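In what follows, a structure is listed as structure tokens, so that the remarks can point back to it.
Everything numeric in this text was worked out from a predicted model, so none of it was measured.
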Amino acid sequence: MDLLSFSTGYKINNRNLILFDWNGKHANEFVDSNQQYRRSIIKFVIENEQIFFPVELIRDLFLEEAKWSVQAWSVEFDFHKLGEKLIRYGKDKFLNDFLVGAFSSFDTYCSSRMMNLQRFEIESVIEELKKRIKDPESKDYKDKYESGIELFESYLKGNQREGLIQLTGDVRVSNIKVIKPSKIKTIFRTIYKKLKRL
């Protein structure tokens with residue numbers, strides 16, 4: 001299916017073409033059979049601001065790339081641009097989806113600190129998160145709401161990118177250790193507290 005037809009006419013039943021379809025292996029043996037097509041769609045969506053894309057497509061691309069990030073131990077270069085679009089066009093409706101994707105891995109969290117948002121967008125998100133955190137029905141998301149408030153408040157302070165660099169090109173990595181997902185939250189909080197003290 002061509003990029004324009006797929007992306008502008010996106011329906012949930014086409015989602016299988018962009019799903020994270022992982023072979024269960026890491027490093028040099030890592031394969032996601034939908035990665036190339038999904039990345040083509042992402043590039044097309046980001047490069048064509050003048051075209052209307054269903055927000056459900058942006059949400060699904062964001063969430064599938066977050067899943068990719070967890071297993072690939074890195075993040076797609078333009079992940080934060082998908083996050084920007086999800087916040088800007090998805091408004092409150094897709095805020096929980098944004099938080100799930102943004103806090104999926106250390107890399108998705110760092111990338112989510114690279115977004116280019118307007119002050120009114122940031123303030124609107126913080127206001128909504130503060131409302132949701134008080135809702136007893138939302139207790140399962142309480143930690144994500146608190147983390148989201150911290151993330152977006154860093155935007156208001158203007159220091160959300162402090163301490164971050166974005167590597168491009170062919171950077172070789174060695175001595176990789178697997179960190180269990182249960183420890184990621186603790187790592188995020190520790191890193192955030194250390195960065196806050198700088």
(request) Determine yes or no for a side-chain-to-main-chain donor-acceptor pair under 3.5 angstrom, with Asn14 supplying the side chain and Tyr10 the backbone. (result) no
(message) Let me confirm one number: the CD1-CD1 distance from Ile41 to Ile46, rounded to the nearest 0.5 Å.
(response) 11.5 Å
(request) Answer with yes or no whether the side chains of Glu76 and Trp68 bring together a donor and an acceptor at under 3.5 Å. (result) no
(message) Would the distance check show the side chain of Ser147 and the main-chain N or O of Asp143 forming a donor-acceptor pair, the cut-off being under 3.5 Å?
(response) yes
(request) Taking the side chain as every heavy atom from C-beta outward, state whether Val70 and Phe20 have any atom pair closer than 4.5 Å. (result) no
(request) Begin from the C-alpha positions of Arg39 and Gln36 and carry the test side chain to side chain contact (heavy atoms under 4.5 Å, CB included) through to its verdict. (result) CA-CA 5 Å; Arg39 296 277 169 86; Gln36 185 175 355; 6.0 Å; no
(request) Would you sort out whether Glu65 and Val75 count as a side chain to side chain contact (heavy atoms under 4.5 Å, CB included), showing the intermediate values? (result) CA-CA 8 Å; Glu65 280 298 310; Val75 70; over 6 Å; no
(message) For a 4.5 angstrom cut-off between non-hydrogen side-chain atoms, does Lys91 reach Val55?
(response) no
(message) Can you confirm whether Val31 sits close enough to Trp22 that some side-chain heavy atom of one is under 4.5 Å from a side-chain heavy atom of the other?
(response) no
(request) Using modelled atom types only, decide if a donor and an acceptor are shared between the side chain of Thr108 and the backbone of Gly101 within a distance under 3.5 Å. (result) yes
(message) To the closest 0.5 Å, what do you measure between CG (Leu99) and CG (Leu86)?
(response) 9.5 Å
(message) Nearest 0.5 angstrom please: Glu128 CD to Asp92 CG, how far?
(response) 3.5 Å
(message) Going by the rule side-chain hydrogen bond (donor to acceptor under 3.5 Å, both in side chains), which residues pair with Asp107 if we only count those two or more places apart in sequence or in a different chain?
(response) none
(request) Give the minimum heavy-atom separation between His80 and Met115, together with the two atoms involved. (result) O-CG, 3.3 Å
(request) Please examine the side chains of Leu156 and Ile126, heavy atoms only from C-beta on, and report whether any two atoms are closer than 4.5 Å. (result) yes
(message) Donor-acceptor pair, distance only, cut-off 3.5 Å: does the side chain of Ser104 make one with the backbone of Lys67?
(response) no
(request) Using a 4.5 Å cut-off on heavy atoms from C-beta on, say whether the side chain of Ile51 contacts that of Leu4. (result) yes
(message) On a heavy-atom basis, which atom in Leu19 and which in Asn34 lie closest, and how many Å separate them?
(response) O-ND2, 2.9 Å
(request) Report the distance from atom CD of Glu127 to atom NZ of Lys131, rounding to the nearest 0.5 Å. (result) 6.0 Å
(message) Could you check whether Glu146 pairs with Lys142 (Lys NZ or Arg NE/NH1/NH2 to Asp/Glu carboxylate O, under 4.0 Å)?
(response) yes
(message) Please say yes or no: joined through hydrophobic side-chain contacts below 4.5 Å, possibly via intermediate residues, are Phe94 and Ile122 part of one cluster?
(response) yes
(request) Side-chain contact test, heavy atoms from C-beta onward, threshold under 4.5 Å: evaluate it for Ile12 versus Asp60 and give yes or no. (result) yes
(request) Return the orientation label for the Phe62 and Phe79 ring planes: parallel under 30°, perpendicular over 60°, tilted otherwise. (result) parallel
(request) Work out which heavy atom in Met114 is nearest to a heavy atom in Tyr155; give both atom names and the distance. (result) N-OH, 3.5 Å
(request) Give, for atom OG of Ser40 and atom CD of Gln35, the distance between the pair rounded to the nearest 0.5 Å. (result) 10.0 Å
(message) Tell me whether Glu56 is salt-bridged to Arg15, with the criterion being a basic N under 4.0 Å from an acidic carboxylate O.
(response) no
(message) Once side-chain contact (heavy atoms from CB on, under 4.5 Å) is applied, do any residues pair with Leu63, and if so which ones, sequence neighbours excluded?
(response) Arg59, Asp97, Val100
(message) Please find the pair of heavy atoms, one from Asn116 and one from Glu84, that lie closest to each other, and give the distance.
(response) N-OE2, 2.8 Å
(message) Using side-chain heavy atoms (C-beta onward) and a distance below 4.5 Å, is Tyr109 in contact with Ile191?
(response) no
(request) Check for a donor-acceptor pair, side chain of Ser69 on one end and backbone N or O of Ser74 on the other, with a separation under 3.5 Å. (result) yes
(message) Side chains of Asn96 and Tyr145: any donor to acceptor distance under 3.5 Å?
(response) yes
(request) Just jot down the ring pair (Phe, Tyr, Trp, His ring centres under 6.0 Å) partners of Tyr37, sequence neighbours excluded, or say none. (result) Phe6
(message) Closer than 3.5 angstrom, by distance alone: can the side chain of Asp21 be matched with the main-chain N or O of Asp32 as a donor-acceptor pair?
(response) no
(message) Would you say that Phe44 contacts Phe53 through its side chain, given a criterion of any heavy-atom pair below 4.5 Å between the two side chains?
(response) yes
(request) Would you mind checking if Lys81 and Glu49 are paired as a salt bridge, meaning a charged N to carboxylate O distance below 4.0 Å? (result) no
(message) Before you tell me yes or no, could you show the steps for Tyr192 and Glu150 under side chain to side chain contact (heavy atoms under 4.5 Å, CB included), namely the whole-Å CA-CA distance, both residues' side-chain angles and the distance that decides it to 0.1 Å?
(response) CA-CA 9 Å; Tyr192 180 78; Glu150 287 177 15; 3.3 Å; yes
(message) Working to the nearest 0.5 angstrom, can you tell me the gap between Ile42 CD1 and Lys85 NZ?
(response) 12.0 Å
(message) On a heavy-atom basis, which atom in Leu129 and which in Gly148 lie closest, and how many Å separate them?
(response) CD1-C, 3.6 Å
(request) For residues Asn23 and Lys25, report the shortest heavy-atom separation together with the two atoms involved. (result) OD1-N, 3.1 Å
(message) For a side chain to side chain contact (heavy atoms under 4.5 Å, CB included) check, start with the C-alpha distance between Leu151 and Phe98, then their side-chain angles and the critical distance, and finish with the verdict.
(response) CA-CA 12 Å; Leu151 171 66; Phe98 171 82; 4.2 Å; yes
